[in-house]
**Q** 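Okay, handing you the structure first.
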Amino acid sequence: MKIAIASDHAGFELKEQIKEFFSEMEIVDFGTYSSESMDYPDTGFKAAKAVAGGDCERGILICGSGLGMSIVANKVSGIRAALCQTKQFAELSRKHNNSNILVLSGRFISEYLAKEIIDVWLNTEFEGERHQKRLDKISDYEKEE
Ligand code: RB5
């Protein structure tokens with residue numbers, strides 16, 4: 001699975017740890033490339049567009065709280081980004097929402113928990129059925145925009 005990853009300065013350290021831990025996966029890094037202060041939309045939009053356009057199957061975005069990256073990613077048509085602070089949320093975001101971007105908080109969760117959340121998120125399938133028609137309503141709205 002090809003994964004897009006991006007962060008701002010507040011998520012940089014966790015981004016690097018994730019890349020190292022999941023090094024067997026194909027990961028495309030859209031920055032940022034240092035802990036120098038920068039603006040999360042500059043990297044978040046690039047990674048989200050790579051997922052929406054099909055270049056990457058899924059994405060992982062990280063900023064300080066995860067809130068800014070969530071807002072950015074969910075502006076991109078076709079993206080279903082989920083800010084997950086627990087493994088349960090990661091599981092539900094896949095089973096019910098077919099999330100294609102996982103957003104993590106670089107400042108509020110441990111490296112260990114982040115890896116556990118990613119592991120669950122990568123290995124949980126969308127359940128479809130009643131949830132699909134709900135996602136269809138979101139896609140229909142995007143088409144009307
Ligand atoms: C940066 O200080 C911080 O505002 C950013 O990482 C993020 O939390 C924004 O939502």
Side-chain angles (χ1 to χ4, degrees), residues 1-19 21-22 24-109 113-145:
M1 188 187 297
K2 193 170 168 185
I3 302 279
I5 196 165
S7 75
D8 70 353
H9 54 284
F12 173 71
E13 197 181 324
L14 182 57
K15 174 169 72 66
E16 295 307 300
Q17 289 162 345
I18 291 167
K19 277 166 47 188
F21 192 76
F22 293 93
E24 78 285 358
M25 297 192 62
E26 191 179 359
I27 297 179
V28 185
D29 187 351
F30 288 88
T32 188
Y33 304 111
S34 78
S35 50
E36 190 181 328
S37 181
M38 56 81 67
D39 305 326
Y40 55 84
D42 294 344
T43 53
F45 276 125
K46 286 181 192 161
K49 282 163 130 180
V51 175
D55 290 342
C56 294
E57 201 173 324
R58 295 213 221 147
I60 298 172
L61 301 182
I62 312 148
C63 63
S65 62
L67 295 168
M69 282 297 198
S70 301
I71 293 166
V72 163
N74 281 310
K75 293 278 180 207
V76 177
S77 185
I79 292 302
R80 295 174 301 278
L83 170 58
C84 297
Q85 305 282 60
T86 67
K87 289 191 285 177
Q88 290 85 353
F89 272 46
E91 186 181 0
L92 282 172
S93 86
R94 290 289 310 136
K95 283 185 170 175
H96 290 194
N97 313 111
N98 198 13
S99 61
N100 50 10
I101 288 192
L102 170 67
V103 187
L104 295 170
S105 156
R107 287 181 175 153
F108 293 92
I109 58 168
L113 179 56
K115 287 170 184 167
E116 283 202 321
I117 289 171
I118 293 168
D119 203 41
V120 168
W121 185 73
L122 289 173
N123 293 299
T124 305
E125 295 301 318
F126 176 50
E127 284 180 349
E129 298 179 2
R130 70 187 189 281
H131 304 295
Q132 184 59 58
K133 77 175 162 62
R134 294 161 186 168
L135 298 189
D136 289 343
K137 291 186 180 189
I138 298 172
S139 311
D140 289 347
Y141 176 82
E142 286 177 329
K143 284 175 204 147
E144 285 166 19
E145 280 271 282

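For this chain, numbers begin at 1 and follow the sequence in order.
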**Q** Restricting to non-hydrogen atoms, name the atom on A48 and the atom on I79 that form the minimum distance, rounded to 0.1 Å.
**A**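 Scanning both residues completely, I find the closest heavy atoms to be O-CD1, 3.4 Å.
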**Q** Taking atom CD of E125 and atom CG of L122, what is their separation to the nearest 0.5 Å?
**A**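 With rounding to 0.5 Å, CD (E125) is 10.5 Å from CG (L122).
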**Q** To the nearest 0.5 Å, tell me how far H9 NE2 sits from Y40 OH.
**A**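 OH of Y40 is found 10.5 Å from NE2 of H9.
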**Q** Give the minimum heavy-atom separation between F45 and V76, together with the two atoms involved.
**A**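 Closest heavy-atom pair between F45 and V76: CD2-CG2, 3.7 Å.
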**Q** For residues 127-141, pull every pair meeting salt bridge (charged side-chain N to carboxylate O under 4.0 Å, His left out), keeping only residues two or more places apart or in separate chains.
**A**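 Passing the test, one end in residues 127-141: D140-K143.
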**Q** Before giving the answer on side chain to side chain contact (heavy atoms under 4.5 Å, CB included), spell out for I27 and I60 the whole-Å C-alpha distance, their side-chain angles and the decisive distance to 0.1 Å.
**A** CA-CA 10 Å; I27 297 179; I60 298 172; over 6 Å; no
**Q** Working to the nearest 0.5 angstrom, can you tell me the gap between F108 CZ and L113 CG?
**A**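 Separation between the atoms: 14.0 Å.
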**Q** Taking the side chain as everything from C-beta on, heavy atoms only, tell me whether N97 gets closer than 4.5 Å to R80.
**A**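 Not touching, per the 4.5 Å side-chain cut-off.
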**Q** Write down the atom of L83, the atom of S65, and the distance for their closest heavy-atom approach.
**A**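 Heavy-atom minimum between the residues: CD1-O, 3.8 Å.
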**Q** Check this for me: F21, atom CZ, are more than 12 non-hydrogen atoms of other residues, nucleotides or ligands nearer than 6.0 Å?
**A**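 For F21, atom CZ is not crowded (no more than 12 foreign heavy atoms under 6.0 Å).
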**Q** State, yes or no, whether a side-chain contact exists between L102 and R58 at a heavy-atom distance under 4.5 Å.
**A**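 Not touching, per the 4.5 Å side-chain cut-off.
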**Q** Check side chain to side chain contact (heavy atoms under 4.5 Å, CB included) between D55 and all other residues, then give those that pass, not counting sequence neighbours.
**A**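 Per chain and number, D55 pairs via side chain to side chain contact (heavy atoms under 4.5 Å, CB included) with A50.
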**Q** Of all the heavy-atom pairs spanning F12 and T32, show the shortest one and how long it is.
**A**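 Smallest interatomic distance, heavy atoms only, reads CD1-O, 3.4 Å.
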**Q** When rounded to the nearest 0.5 angstrom, what is the spacing between CE in M69 and CD1 in I71?
**A**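 Going from CE on M69 over to CD1 on I71, the span is 11.5 Å.
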**Q** Working to the nearest 0.5 Å, report the span between CH2 of W121 and CG of N100.
**A**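 The CH2 atom of W121 sits 7.5 Å away from the CG atom of N100.
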**Q** To the nearest 0.5 Å, what is the distance between SG (C56) and CD1 (I101)?
**A**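 Taking SG in C56 and CD1 in I101, the distance rounds to 9.5 Å.
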**Q** Side-chain contact test, heavy atoms from C-beta onward, threshold under 4.5 Å: evaluate it for F22 versus I3 and give yes or no.
**A**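 Counting from C-beta outward, F22 and I3 never come under 4.5 Å.
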**Q** Considering the options K2, K15, K46, which one meets the salt bridge (charged side-chain N to carboxylate O under 4.0 Å, His left out) requirement together with D29?
**A**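 Single salt bridge (charged side-chain N to carboxylate O under 4.0 Å, His left out) partner of D29 among K2, K15, K46: K15.
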**Q** Give me the atom names and distance for the closest heavy-atom approach of D8 to G64.
**A**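 So the minimum-distance heavy-atom pair works out to OD1-N, 3.9 Å.
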**Q** Tell me, with the steps shown, if K95 and T124 meet side chain to side chain contact (heavy atoms under 4.5 Å, CB included).
**A** CA-CA 7 Å; K95 283 185 170 175; T124 305; 3.6 Å; yes
**Q** Are there over 12 heavy-atom neighbours, none belonging to K115, within less than 6.0 Å of that residue's NZ?
**A**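 Atom NZ in K115 is packed in, count exceeds 12.
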**Q** Between V72 and L61, does a side chain to side chain contact (heavy atoms under 4.5 Å, CB included) hold up when you go through it step by step?
**A** CA-CA 10 Å; V72 163; L61 301 182; 5.5 Å; no
**Q** Step through the shown structure and confirm whether more than 12 heavy atoms of other residues, nucleotides or ligands are within 6.0 Å of NZ on K19.
**A**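 It does: K19 NZ has more than 12 such atoms within range.
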**Q** When you measure from the side chain of R94 to the backbone of S99, do you find a donor-acceptor pair of N or O atoms at a distance under 3.5 Å?
**A**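 A pair under 3.5 Å: yes.
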**Q** Between Q85 and S105, is any pair of side-chain heavy atoms under 4.5 Å apart?
**A**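 Yes, close enough: below the 4.5 Å cut-off.
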**Q** If every non-hydrogen atom of F126 is compared with every non-hydrogen atom of L135, which pair is closest and at what distance?
**A**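 Scanning both residues completely, I find the closest heavy atoms to be CZ-CD1, 3.6 Å.
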**Q** Are more than 12 heavy atoms from other residues, nucleotides or ligands located less than 6.0 Å from atom CD of Q17?
**A**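 Yes, CD of Q17 has more than 12 neighbouring heavy atoms, counting only those of other groups under 6.0 Å.
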